[in-house]
Amino acid sequence: MSDTAPFRLYNTLTHRVEPVEPLEPGHLRFYSCGPTVYSYAHIGNFRSFLTADLILRTARAIGWKTTYVSNITDVGHLTEDDVADAGGEDKMARALRSPEGRRFANVWDLARYYTGALLDDWRALNLIEPDVRPRATEHMREQILAVERLIQTGHAYETERGVYFSVPSFEGYGKLSGNERLDRLIEGAAAESRDVVQDPDKRDPRDFALWKKDPAHLMQWYSPWGWGFPGWHLECSVMAMTYLGETLDLHAGGEDLIFPHHECEIAQSESLSGKPFARMWVHTRFLQVEGEKMSKRTGNFFTVRDLTAPQAEGGRGIDPLALRLALISGQYRKPFNFTFDNLRAAARHVQRFRDADERVAAALAADAPGDDIVGERLQRLYRQALDAMLDDLNTPAAIAAALDGVKLIGGIGARLNGASARSAKAWLDDIHRLLGIVRPESPTEAPETDPLAEQIDALLAERQEARRRRDFARADAIRADLDALGIEVMDTPEGPKWRRKPAV
RNA sequence: GGUGCCGUGGCCGAGUGGUUAGGCAAAGGUCUGCAAAACCUUGUACGGCGGUUCGAAUCCGCCCGGCACCUCCA
């Protein structure tokens, strides 16, 4: 694939869409900030993870090798401290005290549980498994060593409460976020009237914690500065450099991470290595839900499992692939409004892909003779989809091309001979590799047996018998009964088929 | 106050100087006992005001509006 357009992404650092140019040509080294595992991940988290996933899929589609690292933050960092309570609150500790958290013996147990839940959601949404999924708690030694080195080189200092990175010691602070002027920062922060607890011994208000001394924290490690825990920003620097080298090709995360998290990562990492930390930064815009900021208070807060769990288990029974498609239906960099209308459309689209896939499989089995009448056009459509993705992940355009292909396959109908079906199959495979929306990639634990299957089959048999007698009133009555059960019946040349009606 | 993203038809959402985006919803049609699915047909929109141009949704200026971030916290 040497004739492709360049892969271009918007680089927060330069404020421009520019070609992705791996240090080692054809090998993308990529770090994506993962979540803190103190509860179930929500759909906003997953929008960011999906951006990373699509970057990988696109890179692989043009034949690149990828090394993908995405961390799990399992250290209990502090919550925002609106109440000016001393030192804020450990997120893990708070989660442990919450109604959902009481069943866990301790914070470690809690972190382990929510890590598992994250991985389940990850697979359900067809996200590519990272090559390395490092955990902050498993890289304590590296973090402590990094702090020691920063102290030795004059980039950090110790106070009674912790160890801080000295922002004035790093010239480039602010180059990512544009927060380069101290007075403006202070002005803005003051305007927010946020009283955050400050360590009075800090030398500069911008200095940030590398290590916090806290004998009360539920997660503690012993360090040269006594018992405590690492600053939040540090883990990503350390784990990224451990697995990807001192300079990464690409670093991604949610837009909230631009400042201070990524700004601080740059300061630490470049002070440690003396080299550029990441060549390119990609940030995913926050989503809104039904036009509003997603928040628990307004009741428009959704975790992945709120939507995908079966209705019997309190979820909404939404196809995970429909959720995936809905979440990527807007470009990652634009404001995105997640609505149930979107979700409904996505569910239909996923169903169209699935139907096309099945139709093609059937045609493949039948293997009717004839020339390939779709291959060329499908190839062109794949090309369009790929080009769209290469252009700063233009998912709406890519999905449009994919839907055009589905329509093309549908339009062929019965004339889908063996040769055409082979082309269509190859096309669906390609589209699926690129966008991940055609089929589930990991086996679902629940087998596809519906508890009502027996009853449904009996009713369908009775209906077939009624139809044979041309007793259509009876047949339609049975259809209505099934409809009441949430079952949709479709009469096909091969006999009746049924499926559960979509949840949205 | 600073920084950044954005404003397209009923809705979602591409397009970035002149030629069809695509989808959802809606209406009509083909097919079907009826439905569903699939396919066909129907939509001339670009926040406002100026400017540049033969020509602007697309470039420039101003204005209006939306969203996000702004320190030790995800």
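Each chain gets a letter, A, B and so on, in the order its sequence line appears, and its residues count up from 1. Keep in mind it's a predicted model, so treat the numbers as computed, not measured.
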What nucleic acid atoms does A/H349 come within less than 4.0 Å of, heavy atoms only: base, sugar-phosphate, or nothing?
-> sugar-phosphate
Which range-with-range stems can be found for RNA chain B when each stem has 3 or more Watson-Crick or G-U pairs in a row and both distances sit under 3.5 Å?
-> B:1-7 with B:64-70, B:10-12 with B:22-24, B:26-30 with B:38-42, B:47-51 with B:59-63
Out of A/S32, A/P35, A/P134, which residue meets the side-chain contact (heavy atoms from CB on, under 4.5 Å) rule with A/N71?
-> A/P134
Just checking, A/R203 and A/Y157: is the charged tip under 6.0 Å from the six-membered ring centre and within 45° of the axis?
-> yes
Is there a donor and acceptor pair, one atom on the side chain of A/R285 and one on the base of B/rC5, closer than 3.5 Å?
-> yes
Identify, with sequence neighbours excluded, every residue that meets side chain to side chain donor-acceptor pair (under 3.5 Å) alongside A/R467.
-> A/Q464, A/D491
Might you list the N or O atoms of the protein lying below 3.5 Å from N or O atoms in nucleotides 15-20 of chain B, with each pair's distance?
| residue | atom | partner | partner atom | Å |
| --- | --- | --- | --- | --- |
| B/rG15 | OP1 | A/N394 | ND2 | 2.9 |

Looking at the side chain of A/F336, which of B/rG13, B/rG66, B/rC73 is the nearest nucleotide?
-> B/rG13
Would you kindly give the CZ-to-P distance between A/R206 and B/rU71, to the nearest whole Å?
-> 13 Å
Applying side-chain contact (heavy atoms from CB on, under 4.5 Å) to A/S237 and not counting sequence neighbours gives A/E265, A/Q268, A/S269
At under 4.0 Å between heavy atoms, what does A/Y10 touch on the DNA or RNA strands: base, sugar-phosphate, or nothing?
-> sugar-phosphate
Candidates B/rG13, B/rC73, B/rC69 - which lies nearest the side chain of A/F286 = B/rC69
Annotated protein contacts, base or backbone, on nucleotides 41-46 of chain B with a non-hydrogen cut-off under 4.0 Å, one of B, S, - each = ------
Not counting sequence neighbours, which residues clear side chain to side chain donor-acceptor pair (under 3.5 Å) with A/D387? List them please.
-> none
With A/R439 via salt bridge (Lys or Arg N to Asp or Glu O under 4.0 Å) - residues at least two apart = A/D357, A/D429
Counting side-chain heavy atoms from C-beta on, which of B/rA68, B/rC6, B/rC24 comes nearest to A/A345?
-> B/rC24
Any side-chain heavy-atom pair of A/F302 and A/R316 under 4.5 Å | yes
In whole Å, what is the span from the OH atom of A/Y332 to the P atom of B/rA14?
-> 13 Å
State which residues pass side-chain contact (heavy atoms from CB on, under 4.5 Å) with A/S223; sequence neighbours excluded, sorted by chain then number.
-> A/I144, A/W211, A/W225
Side chains of A/T73 and A/E235: do they bring a donor and an acceptor to under 3.5 Å?
-> yes
For the side chain of A/A397, starting at C-beta, report the closest nucleotide among B/rC69, B/rA74, B/rA14.
-> B/rA14
Does the side chain of A/D392 come under 3.5 Å of the side chain of A/Q331 through a donor N or O and an acceptor N or O?
-> yes
Among all residues two or more places apart in sequence or in another chain, which pass the salt bridge (Lys or Arg N to Asp or Glu O under 4.0 Å) test with A/R377?
-> none
What does A/R333 touch in the nucleic acid at a heavy-atom separation under 4.0 angstrom: a base, only the sugar-phosphate, or nothing?
-> sugar-phosphate
Sugar-phosphate atoms are those with a prime plus P, OP1 and OP2; base atoms are the rest. Using that split, label each nucleotide of nucleotides 29-39 of chain B B, S or - for protein heavy atoms under 4.0 Å, 5' to 3'.
-> ----BBBBSSS
What pairs with A/E158 under salt bridge (Lys or Arg N to Asp or Glu O under 4.0 Å), at least two apart in sequence or on another chain?
-> A/K213
Partners of A/F338 by ring pair (Phe, Tyr, Trp, His ring centres under 6.0 Å), sequence neighbours excluded?
-> none
Member of A/T51, A/T12, A/D256, A/N11 meeting the side-chain hydrogen bond (donor to acceptor under 3.5 Å, both in side chains) criterion with A/H283 | A/T12
Between B/rG4 atom P and A/Q331 atom CD, what is the distance in whole Å?
-> 18 Å
